[in-house]
There are 2 protein chains.
Amino acid sequence: MNIDANHCSVEDALGILVGKWKPIILLHLMEKGTVRFSDLKRSIPGITQKMLTKHLRELESEEIIDRVVYPEVPPRVEYSISEYGRTLEDLLHAMHEWGQAHTKRKQQKLQENLKT
Amino acid sequence: MNIDANHCSVEDALGILVGKWKPIILLHLMEKGTVRFSDLKRSIPGITQKMLTKHLRELESEEIIDRVVYPEVPPRVEYSISEYGRTLEDLLHAMHEWGQAHTKRKQQKLQENLKT
DNA sequence: CTGCATCCGATTAGATACTG
DNA sequence: CAGTATCTAATCGGATGCAG
């Protein structure tokens, strides 16, 4: 893990994942397989159409997800994790594990402080 | 890896790492051990005092790094990765690996496109 | 149903000057 | 040397209206 102040590879990975709803979008797609736009929107309370579209476009442009448009009326668009996108699964899983442990630890510290 | 739309653990981990200079700060501390403020600043071209201070404070408040102030004149403050912070090393390493592979892949795709 | 455009507020980061 | 305060620019995200 060499350090290059001009360019850090960690940030390349971070760049894909950063965005208010990106992790949750990826987790949904990884869990459910192929999901259409409206289902995704329904599954993520609080997200706006604009942000869902924006994040999906970004993930698509990085080839993390596949986007298939069915020329029907009304339109149907289905999203899924691409084969390449699956290479992110281990990383997301590791982040999930660490994050969960971190939150747990924080709450324990909080409990300790309340006792005193 | 369960999905909770109201709270995603991946974002807890992300929250620690996100910030324009945070990954590079962590990598420097992980590589060099104990480093004083001015050395850190010198090692990271482009960072301002304000941002370095801000990010260090945030990492400190999450107990990822230790901060030791020596009451001397001129002042000396040394930063290092905390014992708890070391639990992030594997994750950062994994992100580095993925990011590096991702950038490599992107550049290969670019080369292919130039040939056509 | 899916998606774009526009406007606006909030957050983030950079520049600069100042302090013990 | 290490840190704070202030001002400004850029980016991000939310709300809303419109379109194929």
Side-chain angles (χ1 to χ4, degrees), chain A residues 5-8 10-26 28-29 32-62 64-80, chain B residues 5-8 10-12 14-26 28-29 32-62 65-80:
Chain A
N6 298 313
H7 185 72
C8 163
V10 172
E11 282 161 19
D12 296 340
L14 230 37
I16 305 289
L17 269 10
V18 169
K20 184 161 178 187
W21 310 91
K22 272 191 194 156
I24 199 90
I25 289 172
L26 288 172
H28 269 100
L29 290 177
K32 298 179 184 167
T34 299
V35 187
R36 58 187 298 183
F37 186 88
S38 52
D39 288 337
L40 216 37
K41 176 148 172 27
R42 234 187 321 275
S43 306
I44 307 176
I47 196 170
T48 59
Q49 275 180 346
K50 175 191 165 186
M51 290 311 295
L52 182 52
T53 302
K54 182 169 177 278
H55 284 160
L56 287 170
R57 286 289 178 287
E58 289 168 2
L59 291 168
E60 187 196 0
S61 80
E62 295 288 351
I64 305 296
I65 63 175
D66 290 324
R67 174 174 183 262
V68 180
V69 180
Y70 294 88
E72 307 170 353
V73 179
R76 178 162 57 109
V77 181
E78 290 185 343
Y79 294 91
S80 56
Chain B
N6 298 314
H7 184 73
C8 162
V10 172
E11 282 161 18
D12 296 339
L14 230 37
I16 305 289
L17 269 11
V18 169
K20 184 161 179 187
W21 310 91
K22 272 191 197 157
I24 200 90
I25 289 172
L26 288 172
H28 269 99
L29 290 177
K32 297 179 184 167
T34 300
V35 187
R36 56 190 297 185
F37 186 89
S38 52
D39 289 336
L40 216 39
K41 175 150 173 27
R42 236 188 320 276
S43 305
I44 307 176
I47 197 171
T48 59
Q49 275 182 343
K50 176 189 162 184
M51 290 311 294
L52 182 52
T53 301
K54 181 168 178 278
H55 284 159
L56 286 170
R57 288 287 180 287
E58 288 168 4
L59 292 168
E60 188 197 359
S61 81
E62 295 288 352
I65 63 176
D66 289 325
R67 175 174 183 262
V68 180
V69 180
Y70 295 88
E72 305 169 355
V73 179
R76 178 161 57 106
V77 180
E78 290 186 344
Y79 293 92
S80 56

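Below, chain A is the first sequence line, B the second, and so on; all start at residue 1. Only this structure's heavy atoms are used, side chains among them; waters, hydrogens and symmetry mates stay out. Every value quoted in this text rests on a predicted model; they were computed, and no experiment measured them.
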Could you tell me whether the side chain of A/Lys22 and the main chain of A/Val18 form a donor-acceptor pair under 3.5 Å?
->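 Yes; at least one donor-acceptor contact below 3.5 Å.
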Check every atom of [options] against the side chain of [X] and return the nucleotide holding the closest atom.
{"X": "B/Arg57", "options": "C/dA13, D/dG13, D/dG3", "answer": "D/dG3"}
{"X": "A/Pro75", "options": "D/dG3, D/dA15, D/dG20", "answer": "D/dG20"}
{"X": "A/Ser38", "options": "D/dA2, C/dC1, C/dC4", "answer": "C/dC1"}
{"X": "A/Met51", "options": "D/dG13, C/dG14, D/dG3", "answer": "D/dG13"}

Could you tell me whether the phosphate oxygens of C/dT2, OP1 or OP2, come under 4.0 Å of any side-chain nitrogen or oxygen in A/Arg76?
->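 A/Arg76 to C/dT2 OP1/OP2: no side-chain N or O under 4.0 Å.
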Compare side-chain N and O positions of B/Trp21 against OP1 and OP2 of C/dT12 and report whether any pair is under 4.0 Å apart.
->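 For C/dT12, OP1/OP2 do not have a side-chain N/O of B/Trp21 under 4.0 Å.
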Can you tell me the distance, in whole Å, between the [atom1] atom of [X] and the [atom2] atom of [N]?
{"X": "A/Phe37", "N": "C/dG3", "atom1": "CZ", "atom2": "C1'", "answer": "7 Å"}
{"X": "B/Ile47", "N": "C/dA15", "atom1": "CD1", "atom2": "C1'", "answer": "14 Å"}
{"X": "B/Lys54", "N": "C/dG14", "atom1": "NZ", "atom2": "C1'", "answer": "12 Å"}
{"X": "A/His55", "N": "C/dG3", "atom1": "NE2", "atom2": "P", "answer": "15 Å"}
{"X": "A/Glu60", "N": "C/dT2", "atom1": "CD", "atom2": "P", "answer": "15 Å"}
{"X": "A/Leu40", "N": "C/dC1", "atom1": "CG", "atom2": "C1'", "answer": "14 Å"}
{"X": "A/Leu56", "N": "D/dG13", "atom1": "CG", "atom2": "P", "answer": "14 Å"}
{"X": "A/Leu52", "N": "D/dT16", "atom1": "CG", "atom2": "P", "answer": "18 Å"}

Please report the shortest heavy-atom distance between [X] and [Y], naming the atom on each side.
{"X": "B/Asp39", "Y": "B/Val35", "answer": "CB-CG1, 3.5 Å"}
{"X": "B/Pro45", "Y": "B/Ser43", "answer": "CD-O, 3.2 Å"}
{"X": "A/Ile65", "Y": "A/Leu56", "answer": "CD1-O, 3.4 Å"}

Closest-nucleotide 5' rank along DNA chain D - winner of B/Arg42 and B/Thr53 |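 Upstream on the strand: B/Arg42.
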Between B/Arg67 and A/Val18, which is nearer to the 5' end of DNA chain D once each is assigned its nearest nucleotide?
->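 Closer to the 5' end of DNA chain D: B/Arg67.
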Stepwise, does the side chain to side chain contact (heavy atoms under 4.5 Å, CB included) test hold for A/Lys20 with B/Glu11?
-> CA-CA 9 Å; A/Lys20 184 161 178 187; B/Glu11 282 161 18; over 6 Å; no
Donor-acceptor pair (no angle test) under 3.5 Å: A/Lys50 side chain, C/dG3 base |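 Between C/dG3 and A/Lys50, which were checked side chain against base, a qualifying N/O pair under 3.5 Å is absent.
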NA contact type, A/Tyr70, heavy-atom cut-off 4.0 Å: base, sugar-phosphate, or nothing?
->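 Touches nothing.
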What does B/Lys41 touch in the nucleic acid at a heavy-atom separation under 4.0 angstrom: a base, only the sugar-phosphate, or nothing?
->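 The answer is nothing, as B/Lys41 stays clear of every strand by at least 4.0 Å.
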On DNA chain C, check which nucleotide each of A/Asp39 and B/Gln49 is closest to and give me the residue with the more 5' one.
->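 Taking each residue's closest nucleotide, the earlier one in sequence belongs to A/Asp39.
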